[in-house]
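Reviewing the structure listed below.
Treat the numbers as computed from the prediction; the structure is a model and nothing was measured. In this chain, residues are counted from 1 in sequence order. Counting starts at 1 for both ligands and their atoms, following the listed order.
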Amino acid sequence: MAGILFIISAPSGSGKSTLVNEVRKQLSGIEFSVSWTTRPPRGSEEDGREYHFTTREEFERRLAAGQFLEHAEVFGNYYGTARASLEEARREGHDLLLDIDVQGAAQVRAKMPEAVSIFVLPPNPRVLRTRLRNRSRAEGVENEAEVFRRLGEASREIENYREYGYILVNDILDRAVAQLEAIVLAERFYRNDEPIAYRSRRVLEVAAACLQANSQERLKPVLEAFGILHPTGQQQLNFEEDSDDV
Ligand code: ADP
Ligand code: 5GP
């Protein structure tokens, strides 16, 4: 049975890696594609685990050799998905999850329109800023310029949310993990006729509520806070949101 290709994108710091790691602990049969990147390792990252870290020259050589399914330049570094990841998951009959940016997601969707795409949003800019800062501190680097660079990019990335089939707002972690898990199980159910045990009805409801078409009410305050639905049409990040700073 062919595996399902899941694409997950989010502004940096939204909690996408955290969500993916939690779901991988709970679900079997889903592989994570380890991307290639020219950015240096961060914190406790290890070569071959979070990324294959490489030089620009080596990346360009692999690119010229046609080894990437997609690639993009993000924050001044190259990132790319090896075709080999997809081929291996197909051989094994496993689902594959790609954690890639909005440019890479568009390339994959164009080649594989059957892919299931999920966009993760932070609840508002203030929470995103706090998460980016907390992550830098946890990694032992205080790089406020990098935090603001990633924050500045967030609205532009969020504008692409319409291209994605499912929307997750990562506010309460446990809820977002349950939603991501439900999306995977529901897609397996619909595409592979895979049974999903006694909680099936609830799982299908949770996944359906995350479909983009059913997410407009949840999305509105998030888009407004990021200046995407701003009445003047001007991009304006709102850090004054009255919500928990996590
Ligand atoms: P991304 O992969 O989207 O760049 P990370 O998974 O690295 O983001 O998360 C950024 C920071 O936010 C991390 O320090 C992580 O522990 C924290 N985080 C993620 N999700 C939540 C959440 N729901 N509530 C609070 N903190 C979170
Ligand atoms: P980070 O440096 O925070 O790990 O990732 C920065 C951005 O690059 C994130 O949006 C992440 O999804 C994206 N990214 C990671 N791997 C790939 C990849 O293989 N291809 C593309 N296009 N983007 C990637």
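Listed by chain and number, residues touching ligand 2 at under 4.0 Å (heavy atoms only) are Ala10, Ser12, Lys16, Ser35, Arg39, Arg42, Tyr51, Glu70, Ala72, Val74, Tyr79, Gly80, Thr81, Asp99, Ile100, Asp101, Gly104, Arg150.
For Ala138, the closest heavy-atom approach to ligand 1 does not fall below 4.0 Å. Under a 4.0 angstrom heavy-atom cut-off, Asp171 registers as being in contact with ligand 1. Under the 4.0 angstrom criterion for non-hydrogen atoms, Ser14 is in contact with ligand 1. Residue contacts with ligand 1 include Gly13, since one of its heavy atoms falls under 4.0 Å from the ligand.
Partner of Ile228 under the side chain to side chain contact (heavy atoms under 4.5 Å, CB included) criterion, out of Arg156, Lys220, Glu159: Glu159 alone.
Counting non-hydrogen atoms of neighbouring residues, nucleotides and ligands closer than 6.0 angstrom, the CD atom of Gln216 exceeds 12 such neighbours. Under a cut-off of 6.0 angstrom, the local environment of CZ in Arg56 is crowded, with over 12 non-hydrogen atoms contributed by other residues, nucleotides or ligands.
Note: Glu70 CD to Gln107 CD = 5.5 Å, rounded to the nearest 0.5 Å. Between atom OG1 of residue Thr54 and atom CG of residue Asp47 there is a gap of 8.5 Å, rounded to the nearest 0.5 Å.
For Asp95, the salt bridge (charged side-chain N to carboxylate O under 4.0 Å, His left out) partners two or more places apart in sequence, or in a different chain, are Arg188. A search for salt bridge (charged side-chain N to carboxylate O under 4.0 Å, His left out) contacts involving Arg109 returns nothing, not counting sequence neighbours.
Proximity of Leu19 to ligand 1, defined as any heavy-atom pair under 4.0 Å, is not found for any part of the residue. At a heavy-atom cutoff of 4.0 Å, ligand 1 is contacted by both the backbone and the side chain of Ser17. Counting heavy atoms closer than 4.0 Å to ligand 1, residue Leu173 contributes atoms from both its backbone and its side chain.
In terms of N/O distances under 3.5 Å, ligand 1 is not approached by Ala10.
Every atom of ligand 1 is numbered from 1 in the order shown, and the set under 4.0 Å from a heavy atom of Ser12 is 4 (O).
Hydrophobic cluster membership of Val108, counting Ile, Leu, Val, Met, Phe, Trp and Tyr whose side-chain heavy atoms lie under 4.5 Å apart directly or via other members: Leu5, Ile7, Leu69, Leu86, Leu96, Leu98, Ile100, Met112.
A cation-pi arrangement is not found for Arg83 relative to Phe68, the charged atom failing to lie both closer than 6.0 Å to the ring centre and inside a 45° cone about the ring normal.
If you look at Phe59 and Tyr79, their ring centroids are not closer than 6.0 Å.
If you check each of Thr18, Asp174, Asn170 against atom 20 (N) of ligand 1, the one with the closest non-hydrogen atom is Asn170.
A 4.5 Å side-chain heavy-atom check between Val120 and Ile167 finds every atom pair outside the cut-off.
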